Visitor: 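Quick one: the structure is below, questions incoming.
Order of the sequence lines sets the chain letters (A, B, ...), proteins ahead of strands, with each chain counted from 1. Values below: every heavy atom of this structure, side chains too, minus hydrogens, waters and symmetry copies. As the structure is a computational prediction, the values presented were derived from the model and not from experiment.
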Number of protein chains: 2
Amino acid sequence: MIRRKPAEDRKADIVEALLRLADRIGPDRLTTNDIAREVGVTQAAIFRHFPTKADLWSSVGEVIAERLHLAWDQALAGRGAPQDQLRGLIAAQLRQIEACPALPAILHSRELNVDNAFLRDRFRGLLAQYQAHLVACLEDMGKEGAIRADIAAQDAAILLTSLVQGIAIRWGLGAHGFSLEAEGLRLLDLQLSLLAGKPG
Amino acid sequence: MIRRKPAEDRKADIVEALLRLADRIGPDRLTTNDIAREVGVTQAAIFRHFPTKADLWSSVGEVIAERLHLAWDQALAGRGAPQDQLRGLIAAQLRQIEACPALPAILHSRELNVDNAFLRDRFRGLLAQYQAHLVACLEDMGKEGAIRADIAAQDAAILLTSLVQGIAIRWGLGAHGFSLEAEGLRLLDLQLSLLAGKPG
DNA sequence: ACCTCTTGTAAGTAATCAACCACTAACATT
DNA sequence: AATGTTAGTGGTTGATTACTTACAAGAGGT
């Protein structure tokens, strides 16, 4: 038999294994057998720690939500200029995706969005919160004249979240062939210079 | 028993049913049973028309590729100003997604990207071609002074494709609560005015 | 009206899925 | 060293998966 671990540790192992496999196999194709093999236990062991597969996904969702929330709070904690806060928010998002490439796929997976209504609403609220942070930063920047006056902060926020999503997709398709954070921040600066209305 | 159709018609029915269900159920969770029920035939009937499920997906891929190609050609056929061609290309993409909401999910599905190497490469080439069209339009616009001189056409193209992807995602999450084409073109015009460096 | 392909079905297959069971080895506490 | 608890196993469940085979019946041409 394998080395035994306290339930909390093993639970974390299982969630981590799922996160790793979700990128390789795909969130909607993962089986409990796949996960068990990755962890190094039998399939039945998964069900000792999570009553059902749906419960396992719920835990995964909670872990992701916590990480994102923490990353955003840290980005906003500095209390620097609104530009810096904005950059921090975007950088945090890019780093989260780089650390867990399955994140976009999971966020849009049917597993979480169709089967688990609670988590779907939770994530929807979470992303709305992120968008609200961006809008707040952009409004502050607008008052300082760092954003063109004819641009609504809401629309600018949409452009920025789209940018992150678009680059993340390109990063995934290109087999992670470049630094997501570096490329993302480069294009962010470009977009910010466009929004400012003057060359960067 | 049901009304019998010529094989070509039934094949098209099956592909259409898959496209419809892919949006509701998810591309990677779709079963041949789901498809058969949607079409209104037995599961075995699917295999009369497609030897394997993978062959069915190949047909779906071909249909999508043809539609996209056709839509792009029509957008470029007008031979108007580069701005109009660009707008046409983006509008075509938005309309394709609106007509077939499962398109983004299918394009990024494991079904097509992991299991079917041929189609994956086919789509990768197709999207590269689209990007090349955008870059060509943007370069022409740059020569006419419609794009700020300090912006590379390649980067501008990335911003625009990201915009389409981002809005499509928002449209999907919001249960198609707004007109994708209208909202997309509105933000496109906004981004173009940013790229031009002068208020729209 | 008949004949003949073609389209469809009913009833299977083996493989795999999530989940359950009785049981046991490892661990902590005493 | 004895005892109770917990993590993990092997074996099995019924449901579901993609796919097959043998047979029936509709539709079109003559």
Visitor: Whole-Å distance between dC19(D) P and Trp57(B) CH2?
Guide: 13 Å
Visitor: Counting only heavy atoms and a strict 4.0 angstrom limit, can you tell me which residues of residues 10-43 of chain B come near DNA chain C?
Guide: Arg10(B), Val41(B), Thr42(B)
Visitor: Say whether Arg170(A) and Thr161(B), considering side chains only, have a donor N or O and an acceptor N or O under 3.5 Å apart.
Guide: no
Visitor: Could you pull out all residues at least two apart from Leu180(B) that satisfy side chain to side chain contact (heavy atoms under 4.5 Å, CB included)?
Guide: Leu94(B), Ile97(B), Glu98(B), Ile167(B), Trp171(B)
Visitor: Please check if any side-chain donor atom of Asp55(A) sits under 3.5 Å from a side-chain acceptor atom of Ser58(A), or the reverse.
Guide: no
Visitor: Should the side chain of Arg4(B) and the base of dT6(C) be counted as holding a donor-acceptor pair, with the cut-off at 3.5 Å?
Guide: yes
Visitor: Do we see a donor-acceptor contact under 3.5 Å between the side chains of Gln129(A) and His69(A)?
Guide: yes
Visitor: In this structure, how many angstroms lie between the P atom of dC17(C) and the CD atom of Glu111(A), rounded?
Guide: 14 Å
Visitor: Quickly work out the Arg48(A) CZ to dA22(C) P distance and round it to whole Å.
Guide: 12 Å
Visitor: For the residue pair Asp28(A) and Glu111(A), what are the closest heavy atoms and their distance?
Guide: OD1-N, 3.1 Å
Visitor: Counting only side-chain heavy atoms from C-beta out, which of dA19(C), dT9(C), dA27(D) sits nearest to Phe47(A)?
Guide: dA19(C)
Visitor: Within this structure, what is the CG-CG distance for the pair Leu103(B) and Asp23(B), rounded to the nearest 0.5 Å?
Guide: 10.0 Å
Visitor: Please report, rounded to the nearest Å, how far the C1' atom of dC27(C) is from the CG atom of Asp9(A).
Guide: 14 Å
Visitor: Between His49(B) and dG8(C), is there a side-chain N or O to OP1/OP2 distance below 4.0 Å?
Guide: yes
Visitor: Using whole Å, report how far NZ of Lys53(A) lies from P of dA18(C).
Guide: 4 Å
